[in-house]
Amino acid sequence: MCGRYTQRQSADAIAKQFQLKTVPDSPPRYNIAPTQLIAAVTQPKPSSQRRFRVFQWGLVPFWVKDASLGAKPINARAETVAQKPSFRAAFRHRRCLILADGFYEWQRVGSAKQPHFFHLQDDQPFAFAGLWEQWESPQNEILETCTILTTEANEVVRPVHRRMPVMLHPDDYDQWIDPSLNVSSQLLPLLRPYPADEMAAYPVSKKVNRVSSDRPECIEPLPAE
DNA sequence: CCAGACGTTGTT
DNA sequence: GTCTGG
DNA sequence: CCAGACGTTGTT
DNA sequence: GTCTGG
């Protein structure tokens, strides 16, 4: 699963990395949590330029009656995303890149839970595979939301947790957000565990547990006892 | 036909 | 125990 | 994902 | 909106 992550890059770095014209400035984020606004990239039309977007984390399908009620999935299983009623329309038509550079998973140790931080060895930014939706209230207010796909854990994550977010390979970015693509057989192969030998991990303090703690201390390695 | 659900994780 | 909010 | 609330009446 | 269960 993936319920917290980081996005510490500057607007300039994001613009360069993801080939975007303009990216609004925002502070580095060390503890992004569900329900918050997060940065993403879409491609509106097959030939159009990529577009920087902001979505609320937690998917609200377009057909729900009341967006204030019910579960708002923060993750969708890659294995079933093409079939599930809550996801399949977005899977076909509204895929996005969710901008990130690290994520947290919690390991059960008896009854306690120990958070761990995962990132690329070179600490470069990457993109989660995401889906987004647009929901319109009876008062015609627009709510744009998203969810992060998950897959089975690779060798780096497995000791901590069974599942991990889908980190897309940069070569697959274009294909994932290409709105003219809607064939499962071409999309599902992109949703595989990221190569473990390019990742690194270490335990961190429980400061990350608290949503209000969005600070560099969240990613500091836990001192050995 | 209508009513009700539509999700993930982990734990039992 | 379960739901909501961040 | 975790933390925190989980209730009513009436008053400020 | 669409599928499942009754």
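Chain letters run A, B, ... following the sequence lines, proteins first and then strands; every chain starts at 1.
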Using a cut-off of strictly less than 4.0 Å, decide whether [X] has a side-chain nitrogen or oxygen near OP1 or OP2 of [N].
X        : N     : value
A:Arg163 : B:dT9 : yes
A:Arg77  : B:dT9 : yes
A:Lys113 : D:dC2 : yes
A:Ser212 : C:dG6 : no
A:Arg210 : D:dG4 : yes
A:Ser86  : B:dT8 : no
A:His161 : D:dC1 : no

Would you mind reading off the distance between [X] atom [atom1] and [N] atom [atom2], rounded to a whole angstrom?
X        : N     : atom1 : atom2 : answer
A:Leu191 : B:dT8 : CG    : P     : 13 Å
A:Lys72  : B:dT9 : NZ    : P     : 19 Å
A:Phe91  : E:dG1 : CZ    : C1'   : 18 Å
A:Leu37  : C:dG6 : CG    : P     : 12 Å
A:Gln107 : D:dC1 : CD    : P     : 15 Å
A:Glu152 : B:dT8 : CD    : P     : 16 Å
A:Glu79  : B:dT8 : CD    : P     : 9 Å
A:Trp135 : E:dG1 : CH2   : P     : 14 Å

From [options], pick the nucleotide closest to the side chain of [X]?
X        : options              : value
A:Lys84  : B:dC6, B:dT8, C:dG6  : B:dT8
A:Pro73  : B:dG7, D:dC2, B:dC6  : B:dG7
A:Arg162 : C:dG6, E:dG1, B:dG10 : B:dG10
A:Phe87  : D:dC2, B:dT8, E:dT2  : B:dT8
A:Pro34  : C:dG6, D:dC2, B:dT8  : C:dG6
A:Asn209 : D:dA3, D:dC1, B:dG7  : D:dA3

[atom1] atoms of [N] and [M], separation to the nearest Å:
N     : M     : atom1 : result
D:dC6 : B:dG4 : P     : 29 Å
B:dT8 : D:dC2 : C1'   : 15 Å
B:dA5 : C:dG6 : C1'   : 27 Å
D:dG7 : C:dT4 : C1'   : 16 Å

Side chains of residues 32-43 of chain A: which donor-acceptor partners sit under 3.5 Å, not counting sequence neighbours?
from: A:Gln36; atom 1: OE1; to: A:Arg29; atom 2: NH2; distance (Å): 2.8
from: A:Gln36; atom 1: OE1; to: A:Ala33; atom 2: N; distance (Å): 2.9
from: A:Thr42; atom 1: OG1; to: A:Arg53; atom 2: NH1; distance (Å): 3.4
from: A:Gln43; atom 1: NE2; to: A:Lys45; atom 2: O; distance (Å): 3.1
from: A:Gln43; atom 1: NE2; to: A:Pro46; atom 2: O; distance (Å): 2.7
from: A:Gln43; atom 1: NE2; to: A:Ser48; atom 2: O; distance (Å): 3.3

Could you check, using the six-membered ring where one of them is a Trp, whether [X] and [Y] have ring centers closer than 6.0 angstrom?
X        : Y        : value
A:Phe62  : A:Trp135 : no
A:Trp176 : A:Phe128 : no
A:Tyr202 : A:Phe117 : yes

- Task: Take atom CD of A:Gln121 as the centre, draw a 6.0 Å sphere, and report whether it contains more than 12 heavy atoms from other residues, nucleotides or ligands.
- Result: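 Enclosed: over 12 neighbouring heavy atoms sit under 6.0 Å from CD of A:Gln121.
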- Task: Applying side chain to side chain donor-acceptor pair (under 3.5 Å) between A:Thr150 and each of A:Arg162, A:Glu79, A:Arg163, report the one that passes.
- Result: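 Checked A:Arg162, A:Glu79, A:Arg163 against A:Thr150; only one passes side chain to side chain donor-acceptor pair (under 3.5 Å): A:Arg163.
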- Base, sugar-phosphate alone, or nothing: which one does A:Tyr5 contact when heavy atoms must sit under 4.0 Å apart?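 Nothing, no nucleic acid heavy atom in range.
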- Just checking A:Ser213: base, sugar-phosphate only, or nothing, at a heavy-atom cut-off of under 4.0 Å?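 Nothing, no heavy atom under 4.0 Å.
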